[in-house]
Protein chains: 2
Amino acid sequence: VLSVDGVSKSYLMGEVTVKALHDISLDFGAGQLVVLLGASGSGKSTLLNIVGGLDVPDSGTVSFKGLNINAKGEAGLTDYRRRSIGFVFQFYNLISSLSALENVQLVTELVDNPMSPAEALELVGLGDRMNHFPSQLSGGEQQRVAIARAVAKRPELLLCDEPTGALDYSTGKLVLEVIEKVNRELGTTTLVITHNVSISGMADRVITLRSGEVVEDRRNEKK
Amino acid sequence: VLSVDGVSKSYLMGEVTVKALHDISLDFGAGQLVVLLGASGSGKSTLLNIVGGLDVPDSGTVSFKGLNINAKGEAGLTDYRRRSIGFVFQFYNLISSLSALENVQLVTELVDNPMSPAEALELVGLGDRMNHFPSQLSGGEQQRVAIARAVAKRPELLLCDEPTGALDYSTGKLVLEVIEKVNRELGTTTLVITHNVSISGMADRVITLRSGEVVEDRRNEKK
Ligand SMILES: Nc1ncnc2c1ncn2[C@@H]1O[C@H](COP(=O)(O)OP(=O)(O)OP(=O)(O)O)[C@@H](O)[C@H]1O
Ligand SMILES: Nc1ncnc2c1ncn2[C@@H]1O[C@H](COP(=O)(O)OP(=O)(O)OP(=O)(O)O)[C@@H](O)[C@H]1O
Ligand SMILES: [Mg+2]
Ligand SMILES: [Mg+2]
């Protein structure tokens, strides 16, 4: 359902070229739960941003349900992002002037069949923090609002950049159960960047990046 | 060398009072390496911010080398923060218009005997990223600039809020070795908030918070 074909991305820094991604080709089946591993700076966020239509590759294509996501201009890309994708950013990207509830609501209003914002926040243990603003929330609470916002959309494609980075063991486990539940019950194709090894245990497939290249692509036989 | 005495902090949210910290009393000896554990929202960052003079308690005092840090007004507090403390923020707080090198330089210029900015960045594996701006760095790279900036000061007190949250296993291990080395070679009193269990292994003492209270305070017999 999601196809990455020959994608490369580089940055020119004076005389040095930083190759963030080099010739990445991957196909993702509907409903697959994929974990993306790799050292700091190996290209994981760059790949996720390109798949999510937040960044454009220098070469290569990304296709969703057979259609090139970059072929329909800015409007087509915005539509893809709004309707099809739930994105959990590495830096959360919450709107500081809106409460937790309003941050989730902003996104659920854009789609046809969302969860209620309150329901999504309850799922991640923030039922008693709905009226707090981002600056009034702990790091892990902000991260969980970002997760609630992404899953509340009931998206076809869920892209999560380090969803448990700021969480302790048991809160992280709670969040992973939410992600795994959404993947299983809605058939959401799910890509999770993580350093949390227990997440790879629940994945169908584990892909490892190193210096912008895929160095391992392993199927999990747990299912 | 650092004393927290009867510190409490609450937030009034409409009809509900959120008790972020409740009557915390702790003494930290010079050169101690302390790990602070606790679930998301348990009050860890609030405690660290109060110890670092970035926030003021509702009641109780914080004393550094016998002097109440809040007793000398804004000027005294600014001086305490600049000279005595290296702070690694949960959200890095880098200046987006300055390069990695300049971000570290800004801080080393304030003290008498700092490391060179280049040296500090090399220590955390960013020798080849010195001229990148924060927006041109991966999440883990930004976190490492924040760490370089804190240790380059050669501070008396090093306060780290989740210094390995965005890092993979081996990069996280590198960072912990830097923190542990600074603590050992400079005798820096070090408080580290983390969810990374391997850090508690290297600590002299492990303190656990739950709902704003200290529920465990354990000495490590490894040394
Ligand atoms: N705008 C940019 N200009 C220059 N270099 C960049 C830019 N954005 C990213 N990079 C570089 O590209 C590389 C890959 O970055 P990316 O954010 O994808 O890494 P990552 O795998 O997500 O790392 P982390 O685990 O630390 O978040 C990094 O080494 C980074 O320094
Ligand atoms: N300005 C504020 N107004 C209201 N409540 C606040 C404010 N700042 C923090 N809180 C609440 O205080 C509690 C403690 O926050 P703190 O940031 O210290 O937690 P933490 O232990 O660092 O969590 P994490 O591991 O998620 O970073 C949280 O439940 C948070 O919602
Ligand atoms: Mg990243
Ligand atoms: Mg915190």
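These numbers were taken from a predicted model, which means no experiment stands behind them. Protein chains get the first letters and strands the later ones, always in sequence-line order, with residue 1 at the start of each.
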For atom CZ of B/Arg184, is the number of surrounding heavy atoms from other residues, nucleotides or ligands below 6.0 Å larger than 12?
->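 More than 12 heavy atoms, drawn from other residues, nucleotides or ligands, come within 6.0 Å of this atom.
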
Near B/Arg210 CZ, under 6.0 Å, is it more than 12 heavy atoms from other residues, nucleotides or ligands?
->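 No, not enclosed.
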
So which part of A/Thr171 gets closer than 4.5 Å to some heavy atom of chain B, the side chain, the backbone, both or neither?
->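 For A/Thr171, side-chain heavy atoms alone lie under 4.5 Å from chain B.
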
Could you look at A/Ser40 and say if it's the side chain, the backbone, both or neither that has a heavy atom under 4.5 Å from chain B?
->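 Both parts, backbone and side chain.
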
Measure B/Val16 against the heavy atoms of chain A and call it side chain, backbone, both or neither at under 4.5 Å.
->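 Contact with chain A: none, neither part.
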
Would you say the side chain of A/Val18 lies within less than 4.5 Å of the side chain of B/His132, judging by non-hydrogen atoms?
->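 Yes - at least one pair of side-chain heavy atoms lies under 4.5 Å apart.
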
How about A/Phe91 and B/Phe91: are their ring centroids closer than 6.0 Å?
->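 No, they do not, as the ring centres are separated by 6.0 Å or more.
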
Report the option among [options] that has the most heavy-atom pairs separated by less than 4.5 Å from atoms of chain A.
options: B/Gly14, B/Gly43, B/Gly38, B/Ala166; answer: B/Ala166
options: B/Ser45, B/Gly172, B/Ser170, B/Ser138; answer: B/Ser138
options: B/Ala20, B/Gly125, B/Gly41; answer: B/Gly41
options: B/Met13, B/Glu162, B/Gln90; answer: B/Met13

Result of checking A/Thr164, A/Asp168, A/Asn196 against B/His195 for side-chain contact (heavy atoms from CB on, under 4.5 Å) =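 Only one of A/Thr164, A/Asp168, A/Asn196 forms a side-chain contact (heavy atoms from CB on, under 4.5 Å) with B/His195, namely A/Asp168.
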
Output the residues of residues 140-147 of chain B for which the shortest heavy-atom distance to chain A is under 4.5 Å, in residue-number order; output 'none' if no such residue exists.
->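 So far as heavy atoms go, B/Gly140, B/Glu141, B/Gln142, B/Arg144 are the residues that approach chain A to under 4.5 Å.
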
